[in-house]
Structures are given as C-alpha cells and as structure tokens.
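This is a predicted model, so every value here is computed, not measured. When reading the values below, keep in mind they use all heavy atoms of this one structure, side chains included, and skip hydrogens, waters and symmetry mates.
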Amino acid sequence: MNSKKVDIDIEKIKMLKNLLLDLKEFSLKNEKWAILVEGKRDKFALEKFSIQNVVELKGRNYHDIAEELSAIYEGVVLLMDFDPEGETIFEKLSKLLAGYGLRIDTSFRERLRGTGVKFVEKIPQSLFFSN
C-alpha cells in the first residue's frame with residue numbers, strides 16, 4: 001500500500017473524529033438547536049457518538065418539519081448526504097427553514113464533505129473500518 005494514501009486516510013479520519021467531537025460538544029451546549037438528518041440510520045449513526053437533538057426527516061412534509069422545528073428550536077444544523085437526493089433536500093430545507101425564522105448552520109456538513117464521507121449513516125464504518 002502506498003504510504004501517501006495511508007497518510008491521506010489518517011488525516012481524513014482525524015478530520016472526521018474532530019468533526020464528531022465538535023458536533024457532540026455543540027449539541028450539548030446548544031439545546032435550542034436541532035441536528036437534522038435524512039433518516040433513522042443517519043440519526044442512529046450520530047447517536048452512537050452521544051450527539052443529541054438529532055431529528056430525522058424520514059419522508060415527512062418539509063413544511064411540517066419546519067413548523068415542528070421552529071416551535072421547539074432556534075436553529076438547525078443541516079446534515080444531509082452528498083448524493084443527488086441529499087443535495088436537493090439540503091437546498092430546499094436551507095431556504096424553507098430560514099423562512100420559518102430558524103438559524104441555519106451548514107458548517108458541519110461542509111466539514112463532513114472534506115472527509116470524503118458521502119453518507120451520514122456511514123460515519124461509524126468510516127472511522128472503524130477505514131483502510
């Protein structure tokens with residue numbers, strides 16, 4: 001195996017670990033913020049790392065979820081996948097949730113993009129089975 005590839009993988013794993021630690025800390029310090037993911041496997045993946053306030057979209061109407069979130073939270077961390085469906089959901093919800101008065105954070109999603117992980121549900125596997 002090429003040592004440069006190993007260095008890149010190790011660097012991406014470090015980036016992913018730091019992202020998860022920061023997201024966990026954020027979720028603990030910001031109870032009025034939700035972390036919105038697409039489905040239950042995404043939610044389960046984040047909860048494995050003790051990340052709180054994770055809400056799954058799970059096929060619900062966008063306006064219903066926006067109403068629900070705006071009644072409880074002041075902000076939302078959007079953490080959608082990087083496939084075409086996830087990108088579409090991200091674009092629509094970014095605008096819609098802001099229209100409901102919610103603050104939007106996309107920084108964790110951009111950091112996730114930098115790790116090369118395309119699907120939130122794959123985060124645990126990416127950490128534990130990377131090579």
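In the hydrophobic clustering of this structure, Leu20 groups with Leu112; members are Ile, Leu, Val, Met, Phe, Trp, Tyr whose side-chain heavy atoms approach within less than 4.5 Å, directly or through other members. Under the 4.5 Å side-chain heavy-atom criterion for grouping Ile, Leu, Val, Met, Phe, Trp and Tyr, Val120 is connected to Val54 within one hydrophobic cluster. Leu19 and Phe119 fall into different hydrophobic clusters, where Ile, Leu, Val, Met, Phe, Trp and Tyr side chains are chained together by heavy-atom contacts under 4.5 Å. Cluster annotation: Tyr62 is not connected to Val77 through the hydrophobic network of ILVMFWY side chains, with a link wherever side-chain heavy atoms come within less than 4.5 Å. Cluster membership for Tyr73 and Leu79, using ILVMFWY side-chain heavy atoms within less than 4.5 angstrom, is not shared.
With rounding to the nearest 0.5 Å, the separation of NZ in Lys14 from CG in Asp9 is 12.5 Å. In this structure, Leu97 CG and Ile65 CD1 are separated by 8.5 Å, a value rounded to the nearest 0.5 Å. Note that the CG atom of Asp64 and the CG atom of Leu57 stand 10.5 Å from one another [nearest 0.5 Å]. Rounded to the nearest 0.5 angstrom, Ile89 CD1 and Leu96 CG are separated by 12.5 Å. One finds the CG atom of Asp105 at 10.5 Å from the OG atom of Ser94 (value rounded to the nearest 0.5 Å). The structure places CD of Glu121 at 10.5 Å from NZ of Lys48, a figure rounded to the nearest 0.5 Å.
Under a cut-off of 6.0 angstrom, the local environment of CZ in Arg113 is crowded, with over 12 non-hydrogen atoms contributed by other residues, nucleotides or ligands. The number of heavy atoms from other shown groups lying within 6.0 Å of CZ (Phe44) does not exceed 12.
Within the 4.5 Å cutoff, the side chain of Phe90 has heavy atoms near those of the Thr106 side chain. Looking at Val76 and Arg103, their side chains never come closer than 4.5 Å, going by heavy atoms from C-beta outward. Side-chain contact between Thr115 and Ser126: absent, with no pair of heavy atoms (C-beta onward) separated by less than 4.5 Å. Side-chain contact check for Leu16 versus Ile123: some heavy-atom pair is nearer than 4.5 Å. Here the side chains of Met80 and Asp42 are not in contact, with every heavy-atom distance at 4.5 Å or above. Counting heavy atoms from C-beta outward, Lys43 and Val55 have side chains that stay 4.5 Å or more apart. The side-chain heavy atoms of Leu69 and Tyr100, taken from C-beta on, include no pair separated by under 4.5 Å. Gln52 is listed as a side-chain neighbour of Leu28, based on a closest heavy-atom distance under 4.5 Å.
Under the 3.5 Å distance criterion, the side-chain polar atoms of Glu38 are matched with a main-chain donor or acceptor of Asp81.
For the pair Arg109 and Glu87, the salt-bridge criterion is met [side-chain N within less than 4.0 Å of a carboxylate O]. Contact check on Lys32 versus Glu74 returns no salt bridge, with no Lys/Arg side-chain nitrogen under 4.0 Å from an Asp/Glu carboxylate oxygen. A salt bridge links Glu68 with Arg60; the closest basic N to acidic carboxylate O contact falls under 4.0 Å.
The shortest heavy-atom contact between Ser27 and Ser50 is OG-O, 4.4 Å. Between Leu102 and Ala66, the shortest heavy-atom distance links the atoms CD1-O, 4.2 Å.
Between Phe26 and Trp33, the angle of the ring planes goes over 60°, which puts this pair in the perpendicular group of the 30/60° scheme.
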